[in-house]
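In what follows, a single structure is set out as structure tokens and then discussed.
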Amino acid sequence: MLNRLRRLRSSAAMRNMLRETVVRPANLVYPIFVREGLRGAEPIPSMPGQYRLGLDRLSAISKELDHCGVQSILVFGLPSAKDDSASSATSRGGIVPQAVAELKSATPGLVVITDVCVCAYTPSGHCGLVIEGEVDNDSTLPVLSAMALAHARAGADVVAPSAMMDGQVAAIREALDGENLSAVAVMGYSAKFASAYYGPFRDAADSAPSFGDRSGYQHDPANIRHAERELLEDEREGADILMVKPGLAYLDVLLRARQLTRLPLAAYMVSGEYSMIKAASERGWLDERRIVLESLTAFRRAGADLIITYHAKEAAQWLNES
Ligand code: PBG
Ligand code: ZN
């Protein structure tokens with residue numbers, strides 16, 4: 001029996017027939033950083049191959065994605081001005097609403113997801129408003145709701161609150177429903193751990209906390225039961241998609257999430273994971289293509305429907321070749 005299966009697997013056709021897990025370009029989501037006032041693209045030093053983009057670059061990017069079969073994009077905004085109340089985050093003419101409109105007019109079929117968080121919009125760099133030196137959960141909720149509304153009005157298909165404030169999914173869901181935007185989905189960053197893997201992102205998004213760290217609102221990497229509770233809580237609050245983040249170091253959490261909920265799941269292979277693979281590949285220490293495709297397969301095997309990855313474009317091209 002064993003020998004027979006082994007012999008069958010030596011044929012490429014049989015291997016394909018028996019393959020349990022498949023990655024398609026349509027499973028991938030490409031994250032981008034859009035900078036207000038920028039023309040062209042600005043390389044991100046800690047993420048080789050990734051750029052902060054001006055609005056003028058978005059139509060080309062969306063067409064490239066469309067061409068290689070990636071159907072979704074996750075937009076992070078970098079405003080030209082920050083203030084303590086994150087007013088540039090909630091403005092209808094803000095950088096993300098502008099980016100959404102631009103992407104949608106270039107490629108109407110593209111599924112546009114927007115990040116909803118204030119850390120790039122306030123001088124403190126925290127994911128919530130800081131009041132008397134502390135991150136204040138409840139006064140952040142209306143800001144996140146207003147931000148989500150601004151994105152949804154501009155045409156976002158999915159809003160993704162990443163601030164890790166308690167009640168953020170419910171607050172946003174209620175705000176959207178109240179404005180006739182019930183068709184806009186919410187993707188919860190439900191199991192988001194306080195992680196060193198976010199290092200390059202904070203550089204890219206200029207969103208590092210100016211004091212303290214995010215351990216007050218992001219999960220302790222040591223705790224899986226806490227993450228499970230938050231996944232279920234986000235589902236109860238009305239999330240349409242749940243996320244686990246970072247990726248490879250948290251596949252156990254992803255598998256648990258898959259067992260706990262019937263909602264679609266997203267895994268975020270974050271900036272640090274991207275940069276580690278790039279750095280080792282540049283030195284010839286790793287085979288980038290094989291590492292990336294193996295990693296994406298692992299996410300799918302563990303239960304991810306969607307994988308958010310800075311490698312989305314390259315990976316889609318590799319998948320299309322094979
Ligand atoms: C912040 C946010 C972070 C990421 C997405 N949204 C960083 C953080 O929590 O400090 C990380 C993404 C990445 O590392 O690629 N709301
Ligand atoms: Zn944040």
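The analysis underlying the following values was restricted to heavy atoms, covering all of them including side chains, and did not include hydrogens, waters or symmetry mates. Atoms within each ligand, like the ligands themselves, are counted from 1 in listed order. These numbers come from a predicted model, not from an experiment.
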Determine whether any heavy atom of [X] lies closer than 4.0 Å to an atom of ligand 1.
X: Q218; result: yes
X: M164; result: no
X: Y274; result: no

Any atoms of ligand 1 less than 4.0 Å from a non-hydrogen atom of [X]? List them with their elements.
X: F76; value: 5 (C), 6 (N)
X: S271; value: 13 (C), 14 (O), 15 (O)
X: Y268; value: 12 (C), 15 (O)
X: C117; value: 16 (N)
X: Y310; value: 12 (C), 13 (C), 15 (O)
X: K245; value: 2 (C), 3 (C), 4 (C), 5 (C), 6 (N), 11 (C), 12 (C)

Checklist entry - atom 16 (N) of ligand 1: which of G247, G272, S162, G199 has the nearest heavy atom? => result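 Nearest heavy atom to atom 16 (N) of ligand 1 lies in S162.
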
Checklist entry - Among M269, M47, R202, which one has a heavy atom closest to atom 10 (O) of ligand 1? => result R202

Next on the checklist: Between the side chains of E233 and R236, is the shortest nitrogen-to-carboxylate-oxygen separation below 4.0 Å, so that they form an ion pair?
Outcome noted: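 Salt bridge: yes.
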
Next on the checklist: Any carboxylate oxygen within less than 4.0 angstrom of a Lys/Arg side-chain nitrogen, looking at D240 and R173?
Outcome noted: yes

Next on the checklist: Between F299 and L254, does the side chain to side chain contact (heavy atoms under 4.5 Å, CB included) criterion hold? Intermediate values first, please.
Outcome noted: CA-CA 8 Å; F299 285 119; L254 185 60; 4.1 Å; yes

Checklist entry - N/O/S atom of H126 under 2.8 Å from the Zn ion (ligand 2), yes or no? => result no

Checklist entry - Counting only heavy atoms not in N16, do more than 12 fall under 6.0 Å of its CG? => result yes

Quick one: nearest non-hydrogen protein atom to [atom], plus distance?
atom: atom 12 (C) of ligand 1; value: F201 CD1, 3.3 Å
atom: atom 2 (C) of ligand 1; value: K192 NZ, 3.2 Å
atom: atom 8 (C) of ligand 1; value: R214 NE, 3.3 Å

Checklist outcome for this item: Quick look: C119 vs ligand 1, heavy-atom contacts under 4.0 Å, and the answer is side chain

Next on the checklist: Distance to the ring centre below 6.0 angstrom and angle to the axis at most 45 degrees; does that hold for K192 and Y268?
Outcome noted: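 Judged by the rule (NZ or CZ under 6.0 Å from the ring centre, within 45° of its axis), K192 is not positioned above Y268.
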
Checklist entry - Tell me, do L144 and M165 make a side-chain contact under 4.5 Å, heavy atoms counted? => result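 Yes, side chains in contact.
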
Item to check | Heavy-atom check, side chain of K313 versus side chain of L65, under 4.5 Å | outcome: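 A side-chain contact under 4.5 Å exists here.
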
Item to check | Metal site angle (apex the Zn ion (ligand 2)), SG from C119 and SG from C127, 10 degrees | outcome: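 So the angle at the metal works out to 120°.
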
Next on the checklist: Between Q50 (side chain only) and Y310 (backbone N and O only), is there a donor and an acceptor less than 3.5 Å apart?
Outcome noted: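 Yes.
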
Item to check | Residues V29, M187; criterion side chain to side chain contact (heavy atoms under 4.5 Å, CB included); working and verdict | outcome: CA-CA 13 Å; V29 179; M187 176 163 77; over 6 Å; no

Item to check | Step-by-step side chain to side chain contact (heavy atoms under 4.5 Å, CB included) determination, K245 to I308 | outcome: CA-CA 10 Å; K245 177 186 173 187; I308 303 167; over 6 Å; no

Checklist entry - NE2 of H126 to SG of C119: how many Å apart, nearest 0.5 Å? => result 10.0 Å

